[in-house]
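Data block below; observations after.
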Amino acid sequence: MSQGRPPRLTVLRLGHRRERDKRITSHLGLTARAFGANEVVLAGEEDPSPLKTWKSVTDRFGGDFVGKYEGKPMSWLRRASKSDDFTIVHLTMYGQPWRQTIGKIPVNKPVIVVVGGTKVPFEAFQVSDFNVSVGNQPHSEVAALAVFLESWLGPIDEDSIFSGAQMKVIPSDRKKVVIPTEEE
Ligand code: SAM
């Protein structure tokens with residue numbers, strides 16, 4: 001686990017397909033949010049649906065999290081890479097093992113984590129500072145992102161990250177307990 005957190009953590013979701021990836025892209029954004037990202041940049045087919053879901057969850061459960069669409073993600077990523085203002089981490093089954101890599105990722109500037117959907121352009125490998133695998137077997141972008149973020153940043157402080165929530169879940173052994181936050 002690294003020391004501290006980057007000032008801003010963005011997940012770039014490449015190659016979204018409106019029909020086929022509806023649920024997984026929605027889950028990817030919710031996972032990014034739950035594990036401490038500030039933003040998801042959606043690329044591929046334009047689709048308001050995941051953006052609406054992420055906003056609705058953020059409105060209810062708090063936090064400073066935004067989703068937005070980017071029509072030219074590789075130009076966007078190239079610019080970020082050239083500016084040297086960001087660290088770019090690409091999650092790919094072909095990359096270097098995550099446990100050996102997370103300690104090398106700096107947290108002194110914003111980080112962009114790139115995950116794919118359909119075939120990822122080769123340029124993503126070239127513009128990234130780190131190509132990181134969560135095992136060298138093919139699996140899911142949601143699983144890769146969750147394992148990577150939890151391993152790299154550790155547990156998040158929910159109360160500070162999800163401030164401004166309308167409601168909060170109280171952990172329970174046997175039932176659903178959700179309270180409006182002003183009752184705390
Ligand atoms: N077919 C695509 C390709 O050839 O690039 C990859 C599809 S995979 C279902 C979708 C995304 O999940 C990948 O782009 C990568 O970001 C992530 N992923 C899948 N397996 C991974 C692994 N073992 N380690 C890291 N990321 C992984």
Side-chain angles (χ1 to χ4, degrees), residues 1-2 5-6 8-51 53-54 57 65-83 86-107 109-156:
M1 195 191 306
S2 76
R5 307 175 57 78
R8 188 159 185 83
L9 179 50
T10 297
V11 174
L12 170 62
R13 197 286 189 263
L14 291 172
H16 171 69
R17 295 159 293 186
R18 212 170 15 244
E19 287 313 314
R20 196 169 159 182
D21 295 330
K22 208 176 242 332
R23 278 171 60 79
I24 197 158
T25 296
S26 168
H27 291 177
L28 183 81
L30 295 180
T31 301
R33 174 186 169 275
F35 284 85
N38 306 104
E39 176 181 52
V40 172
V41 174
L42 177 64
E45 292 178 7
E46 204 162 357
D47 185 1
S49 161
L51 301 176
T53 303
W54 302 335
V57 169
F65 179 83
V66 289
K68 66 180 190 196
Y69 178 76
E70 171 57 55
K72 295 187 174 161
M74 292 314 296
S75 313
W76 181 83
L77 200 56
R78 211 175 296 131
R79 271 199 309 281
S81 164
K82 280 190 185 144
S83 78
F86 300 86
T87 300
I88 303 177
V89 179
H90 172 212
L91 297 183
T92 165
M93 63 182 279
Y94 305 103
Q96 296 290 345
W98 89 106
R99 289 197 184 91
Q100 287 152 27
T101 313
I102 49 178
K104 301 176 191 164
I105 302 172
V107 289
K109 56 183 176 178
V111 172
I112 299 170
V113 179
V114 182
V115 297
T118 52
K119 196 168 168 51
V120 173
F122 182 62
E123 194 185 357
F125 288 82
Q126 298 172 308
V127 298
S128 296
D129 299 292
F130 299 92
N131 287 287
V132 179
S133 63
V134 178
N136 295 114
Q137 302 298 318
H139 51 83
S140 143
E141 50 271 50
V142 179
L145 184 68
V147 169
F148 169 74
L149 290 180
E150 161 71 18
S151 308
W152 177 39
L153 300 172
I156 58 174

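No hydrogens, no waters, no symmetry mates; every other heavy atom, side chains included, goes into these values. Every number for a ligand or one of its atoms is a count from 1 in the order of the listing.
The single protein non-hydrogen atom nearest to atom 5 (O) of ligand 1 is V120 N, 3.4 Å, given as residue, atom name and distance. The shortest contact between atom 15 (C) of ligand 1 and any protein heavy atom is with L91 O, 3.1 Å. In terms of protein heavy atoms, atom 10 (C) of ligand 1 is closest to E141 OE1, 3.3 Å. Looking only at heavy atoms of the protein, atom 9 (C) of ligand 1 is closest to H139 O, 3.4 Å. Of all protein heavy atoms, the one lying nearest to atom 24 (N) of ligand 1 is V134 N, 2.9 Å.
In this structure, the side chain of S26 does not engage the main chain of K22 through any donor-acceptor pair within 3.5 Å. In this structure, D21 contributes its side chain and H16 its backbone to no donor-acceptor pair below 3.5 Å. Without hydrogens or angle criteria, R18 side chain to E46 main chain gives a donor-acceptor distance under 3.5 Å.
If you check each of P138, G135, G116, G117 against atom 1 (N) of ligand 1, the one with the closest non-hydrogen atom is G117.
Across all their heavy atoms, P6 and V111 have their closest contact at CB-CG2, 3.8 Å.
Inclusion of A144 in the set of residues having an N or O under 3.5 Å from an N or O of ligand 1 is not warranted. Considering backbone and side-chain atoms alike, N136 places every N or O at 3.5 Å or more from each N or O of ligand 1. Geometrically, ligand 1 and K119 share no nitrogen or oxygen pair separated by less than 3.5 Å.
Every atom of ligand 1 is numbered from 1 in the order shown, and the set under 4.0 Å from a heavy atom of V115 is 16 (O).
Partners of T118 according to the side-chain contact (heavy atoms from CB on, under 4.5 Å) rule, which considers only residues two or more places apart in sequence or in another chain, are R17. Every residue was checked against the ring-ring contact (aromatic ring centres under 6.0 Å, His included) condition with F130, not counting sequence neighbours, and none meets it.
The structure places CH2 of W98 at 11.5 Å from CG of L91, a figure rounded to the nearest 0.5 Å. Atom CG of L77 is separated from atom CD1 of I88 by 4.0 Å, given to the nearest 0.5 angstrom.
In S140, the part holding a heavy atom less than 4.0 Å from any atom of ligand 1 is the backbone. When heavy-atom distances to ligand 1 are checked against a 4.0 Å cut-off, Q137 comes that close only through its backbone atoms N, CA, C and O. At a heavy-atom distance under 4.0 Å, only backbone atoms of T92 (N, CA, C or O) approach ligand 1.
For the side chain to side chain donor-acceptor pair (under 3.5 Å) criterion with N131, the lone passing option out of Q126, H90, Q96 is H90.
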